[in-house]
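Notes follow once the structure below has been shown.
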Amino acid sequence: MRFVLQMTFALCLQLPNHIKFKRPVDIYANFIPQMIFLQSIFGYLAICILYKWSIDWSKTTAQPPSLLNMLIAMFLSPMSIKPELRLYPGQGVVQPVLLLLAAVCVPWLLITKPYIAWKEMKRIHHQGYSGLGDGSRDEPDDVLEAEEEGDGRAIVEDASEEHVSGAFKLSFFELEAQMWAFSIVRFQEQHDFGEVVIHQVIHTIEFCLGCISHTASYLRLWALSLAHAQLSEVLWSMTLEPLLGPTSLFGWIALILMGLFWFSGTGLSAFLHALRLHWVEANSKHFEGGGHVFAPLTFADDSVKE
């Protein structure tokens, strides 16, 4: 339950970033499917834990089901519920619906944002900002041969007259610079789209696998807490318990030092585990380490140029 609450809170911290930087696409392409995926599996597990705690199983003939086995069976056989794993009526209908929602969220995360970026790139191309190499070449072979032999200036001037209004004409070098600029813009657009696709694929895989691995991390802490309890009992009987009830000054000093060692070690262990949960599990859901461009303090007026 703590895992679900922490991950839900960490996901909700995405919203201030998306709103601040005016990224509405990330809200319905990342935040909403991530929240549905998390709650349909692990939020459902947390609700099942609360429901299981609310039932007095001593007054029923059924045995309390293992929720971990129930979650595994939800993926292996969602349509059939074994009697020993039945927790509530209607479980055979709710679990397939939740599993279907989680399955829909994966292509939702994977495709939506790259598709929107592709549509935006096509819209810009249709507005006339596509590269010069998109059109087919209609020049005959003799014109191309004349251009290769040195008559390219006349051909360029003819082409420039079609694109430049009035008496202003572009020189050969200016037109070549524009062609080079258009090619750079087109390469930049294709490069940005490729980055969006690769980033979204990595982001989807990382989130889906991260939900499972982070849940296993909390289970690891549960097992570690059991081992820590046994270790604490042994250390208590070997260190602090014999020093209780001191009768001399050295006994009080030994008790204080051992008590400080005891509480500092226990507190440090809890602090490190909590720090790891916040840094690894929680921050991976919302933290963006892009940073900001350094802007030094200045009293100069930017509008006044020397």
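What you are looking at is a predicted structure, and each value in this text was computed from that prediction instead of being measured.
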Between A46 and V4, which heavy-atom pair has the shortest distance, and what is it?
CB-CG2, 4.0 Å
Non-hydrogen side-chain atoms of N30 and V25 separated by less than 4.5 Å:
no
Within the 4.5 Å heavy-atom criterion, are I111 and Q200 side-chain neighbours or not?
no
Does CZ in F21 sit with more than 12 non-hydrogen atoms of other residues, nucleotides or ligands closer than 6.0 Å?
yes
With clusters defined by side-chain heavy atoms of hydrophobic residues (ILVMFWY) lying less than 4.5 Å apart, directly or transitively, does L68 cluster with L98?
no
What pair of heavy atoms forms the shortest contact from S66 to L85, and how long is it?
O-CD2, 4.0 Å
Short question: side chain of W108, backbone of I32 - any donor-acceptor pair under 3.5 Å?
no
For a 4.5 angstrom cut-off between non-hydrogen side-chain atoms, does P64 reach K52?
yes
Judged by modelled atom types alone, do E84 and N69 share a side-chain donor-acceptor pair under 3.5 Å?
no
Looking only at heavy atoms, what is the nearest atom pair of F207 and L109, with distance?
CD2-CD1, 4.1 Å
Crowded around W57 CH2? As in, over 12 foreign heavy atoms under 6.0 Å?
yes
Say you draw a straight line from OG of S40 to CG of L45; how long is it, rounded to the nearest 0.5 Å?
11.5 Å
Below 4.5 Å, heavy atoms only, C-beta onward: do V106 and C208 meet side chain to side chain?
yes
Donor-acceptor pair, distance only, cut-off 3.5 Å: does the side chain of Q91 make one with the backbone of L87?
yes
Using a 3.5 Å distance criterion without hydrogens, assess whether the side chain of K285 forms a donor-acceptor pair with backbone atoms of C12.
no
Is there a side-chain contact between L101 and Q39, using heavy atoms and a 4.5 Å cut-off?
no
Is the shortest heavy-atom distance from the side chain of C211 to the side chain of L38 under 4.5 Å?
yes
To the nearest 0.5 Å, how far apart are CD1 in I36 and CD1 in I41?
12.0 Å
According to a hydrophobic-cluster definition based on side-chain heavy atoms being under 4.5 Å apart (Ile, Leu, Val, Met, Phe, Trp, Tyr only), do I47 and F42 belong together?
no
Can you tell me how far apart CD1 (I256) and CH2 (W252) are? Round to the nearest 0.5 Å.
7.5 Å
Could you give the distance from NZ (K113) to CD1 (I116), rounded to the nearest 0.5 Å?
9.0 Å
What distance do L100 atom CG and Q95 atom CD have between them, rounded to the nearest 0.5 Å?
13.5 Å
Less than 4.5 Å apart, side chain to side chain, heavy atoms only: is that true for V104 and F37?
no
Give the minimum heavy-atom separation between M35 and L11, together with the two atoms involved.
CE-CB, 3.9 Å
Verify the neighbour count for atom OH of Y28: are there more than 12 heavy atoms of other residues, nucleotides or ligands below 6.0 Å?
yes
For Y115, is the OH atom crowded, meaning more than 12 foreign heavy atoms sit under 6.0 Å from it?
no
Going from CZ on F250 to CG on L257, what distance comes out if it is rounded to the nearest 0.5 angstrom?
12.0 Å
Using the rule that two of Ile, Leu, Val, Met, Phe, Trp, Tyr join whenever any of their side-chain heavy atoms come within less than 4.5 Å, decide whether I49 and M70 are in one cluster.
yes
For V197 versus P114, what's the shortest heavy-atom pair and its separation?
CG2-CB, 3.9 Å
Please check if the side chain of H214 supplies one atom and the backbone of G210 the other of a donor-acceptor pair under 3.5 Å.
yes
Do you reckon V97 sits in the same ILVMFWY cluster as I81, going by side-chain contacts under 4.5 Å, direct or chained?
no
Verify same cluster id: Y44, F9 (apolar side-chain graph, 4.5 Å)
no
Under 3.5 Å, is there a donor-acceptor pair between the side chain of Q14 and the main chain of I27?
no
Contact check, side chains of H203 and L110, non-hydrogen atoms, under 4.5 Å
no
